[in-house]
Visitor: 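Take a look at the following structure, please.
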Amino acid sequence: MFNLSPIYYVYRVAIFRLFFIIINCLRYVQSFFLGGEECACCGRATFFIPMCRDCLEDFTYRTPFNQKCKICGKPLISEIDVCTGCRTTPLINSLDGVFALHTYRLWKKNLLFSWKTEEKRVLSPFFARAVWNKLSRLQEQKGLFEPVIIPVPPRPGKIKKKGWDQIEELCFYLKNLYGVRVCPVLKRLSVKQQKKLDRLHRMEQAKMSYSMQTERIVRRYFKQIPETVFLVDDVMTTGSTLEACARSLKAYGIKTVYAITLFIVD
């Protein structure tokens, strides 16, 4: 890859942000004349995205749970430090921490359904802002100079079939709106969906489902192997997918692997 100056990236982000503002203004006008949307959280009328301004700010900047399992990141009720699942059937060994923005409950399920299934892609940049806000706080807490994002890869053929992948698009906005370094160095081998599998079968399938890209592709993104990276995914259910990805990354030589997800199933 060519060595481009930091000024180039600053200008690129600034130009993309200007373009993004113009597009959103046009979407707002179009939505106004078409009747708008309804907030998935409170039901109030809103425009062009299914979230009102107050709920969007709440989603972006407020974490609804403070006590979480130090291993899997799931919210705790009565346990101390470690949840029951991680004590009885430990799954996560390679991940060094999981940071979820919200629990996967109530209206948040509808919000994710709107994004992934109904393909309301206008939500992508707003989810990206929430991830960026969390990433910025973690960067400050952990003293990281330049966080490296690695998206969890989609099933083979998904983009060809659906035309897009939500995590790829989320990372597109992280890169172009906020200047985050995104390195898609993982690939998924299995085409089988995991959402209908139980915990044990998820674990077994995930072990064989993810690996690093070819060395030529990896070297395009890693001139030097980074010490710390952040995996990004939409939902963590059992953690098997993130654990399998983290295992591949650590086998390649990365020392610390964290995960950031929009939602976590508790």
Side-chain angles (χ1 to χ4, degrees), residues 1-32 34 36-37 46-53 55-61 99 101 111-112 114-116 118-140 144-154 158-160 162-186 213 217-223 226 228-234 258-262:
M1 296 180 67
F2 296 104
N3 288 322
L4 301 174
S5 68
I7 297 177
Y8 166 82
Y9 292 105
V10 171
Y11 276 113
R12 188 184 70 177
V13 169
I15 292 171
F16 187 85
R17 284 182 177 177
L18 178 61
F19 177 76
F20 176 72
I21 291 171
I22 294 171
I23 291 297
N24 275 353
C25 288
L26 294 175
R27 284 173 173 169
Y28 187 93
V29 173
Q30 180 189 42
S31 179
F32 177 82
L34 292 177
E37 290 273 356
T46 183
F47 293 103
F48 86 86
I49 64 168
M51 291 187 78
C52 68
R53 184 188 298 270
C55 293
L56 183 61
E57 292 299 308
D58 189 56
F59 179 89
T60 303
Y61 295 108
F99 304 95
L101 274 62
L111 194 62
L112 188 65
S114 296
W115 186 42
K116 293 179 64 173
E118 296 180 340
E119 299 188 9
K120 293 186 178 181
R121 297 170 65 172
V122 291
L123 284 167
S124 299
F126 299 97
F127 284 154
R129 186 176 75 173
V131 173
W132 165 245
N133 179 63
K134 184 68 174 179
L135 185 63
S136 298
R137 284 182 284 167
L138 291 172
Q139 181 182 3
E140 183 178 346
L144 301 175
F145 174 70
E146 182 187 25
V148 175
I149 287 290
I150 297 179
V152 171
K158 178 183 177 182
I159 296 177
K160 183 177 180 181
K162 297 190 65 174
W164 74 303
D165 173 62
Q166 66 274 7
I167 301 304
E168 182 183 71
E169 186 160 289
L170 182 76
C171 289
F172 169 82
Y173 284 106
L174 284 171
K175 176 181 178 181
N176 291 285
L177 278 177
Y178 305 104
V180 177
R181 183 183 170 194
V182 177
C183 301
V185 296
L186 289 170
Q213 295 275 13
I217 294 176
V218 173
R219 287 298 177 187
R220 285 172 52 193
Y221 298 100
F222 291 166
K223 290 185 177 180
T228 303
V229 299
F230 290 86
L231 284 163
V232 171
D233 205 359
D234 51 3
Y258 298 113
I260 297 180
T261 66
L262 292 172

Visitor: Does a side-chain heavy-atom distance below 4.5 Å link Val180 with Leu135?
Guide: yes

Visitor: Taking CZ in Arg17 as the centre, count heavy atoms belonging to other residues, nucleotides or ligands within less than 6.0 Å. Is the count above 12?
Guide: yes

Visitor: Kindly indicate whether the side chain of Leu56, heavy atoms from C-beta on, has any atom under 4.5 Å from the side chain of Arg129.
Guide: yes

Visitor: Does Glu169 reach the main-chain N or O of Trp164 with its side chain, forming a donor-acceptor pair under 3.5 Å?
Guide: no

Visitor: Mind checking side chain to side chain contact (heavy atoms under 4.5 Å, CB included) for Asn176 and listing every partner two or more places apart, or none if nothing turns up?
Guide: Arg12, Phe16, Phe172

Visitor: Strictly distance-based, threshold 3.5 Å: is any side-chain N or O of Arg181 a donor or acceptor partner for the main-chain N or O of Val148?
Guide: no

Visitor: Say you draw a straight line from OH of Tyr178 to OH of Tyr173; how long is it, rounded to the nearest 0.5 Å?
Guide: 11.0 Å

Visitor: Look at atom CD of Glu140 and say whether more than 12 heavy atoms of other residues, nucleotides or ligands are closer to it than 6.0 Å.
Guide: no

Visitor: Given side chains that start at C-beta, do those of Lys120 and Ile49 come closer than 4.5 Å, heavy atoms only?
Guide: no

Visitor: Does Arg121 reach the main-chain N or O of Lys116 with its side chain, forming a donor-acceptor pair under 3.5 Å?
Guide: no

Visitor: Would you say the side chain of Leu186 lies within less than 4.5 Å of the side chain of Val152, judging by non-hydrogen atoms?
Guide: no

Visitor: State, to 0.1 Å, how close Cys171 and Pro151 come at their nearest heavy-atom pair, and which atoms those are.
Guide: SG-CB, 3.6 Å

Visitor: Is there side-chain contact between Trp115 and Leu262, with at least one heavy-atom pair below 4.5 Å?
Guide: yes

Visitor: Hey, mind stepping through Thr46 and Glu37 against side-chain hydrogen bond (donor to acceptor under 3.5 Å, both in side chains) and telling me if it holds?
Guide: CA-CA 5 Å; Thr46 183; Glu37 290 273 356; over 6 Å; no

Visitor: Do Val185 and Val229 make a side-chain contact, defined as non-hydrogen atoms from C-beta onward lying under 4.5 Å apart?
Guide: no

Visitor: Taking the side chain as everything from C-beta on, heavy atoms only, tell me whether Leu123 gets closer than 4.5 Å to Leu111.
Guide: yes

Visitor: Roughly how far, to the nearest 0.5 Å, is SG of Cys183 from CZ of Arg220?
Guide: 10.5 Å

Visitor: Which distance, rounded to the nearest 0.5 Å, do you find between the CG of Asp233 and the CG of Leu170?
Guide: 9.5 Å

Visitor: Would a 4.5 Å heavy-atom cut-off, applied to side chains only, mark Leu177 and Pro125 as touching?
Guide: yes

Visitor: Step by step, would you call Lys134 with Gln139 a side-chain hydrogen bond (donor to acceptor under 3.5 Å, both in side chains)?
Guide: CA-CA 9 Å; Lys134 184 68 174 179; Gln139 181 182 3; over 6 Å; no

Visitor: I'd like to check the side chain to side chain contact (heavy atoms under 4.5 Å, CB included) partners of Glu168; sequence neighbours left out, ordered by chain and number.
Guide: Ile159, Asp165

Visitor: Check step by step if side-chain contact (heavy atoms from CB on, under 4.5 Å) holds for Phe145 and Thr228.
Guide: CA-CA 10 Å; Phe145 174 70; Thr228 303; over 6 Å; no

Visitor: Quick check for you: to the nearest 0.5 Å, what is the distance between Ile149 atom CD1 and Ile167 atom CD1?
Guide: 10.5 Å

Visitor: Look up atom OH in Tyr221 and atom CD in Gln213, then write down how far apart they are to the nearest 0.5 Å.
Guide: 8.0 Å

Visitor: With a cut-off of 6.0 Å (strictly less than), are more than 12 heavy atoms of other residues, nucleotides or ligands near NZ of Lys175?
Guide: no

Visitor: Identify the two heavy atoms, one from Ala130 and one from Leu101, that lie closest to each other, and give their separation to 0.1 Å.
Guide: CB-CD2, 3.3 Å

Visitor: Hey, could you give me the CG/CD1 distance between Leu138 and Ile260, rounded to the nearest 0.5 Å?
Guide: 5.0 Å

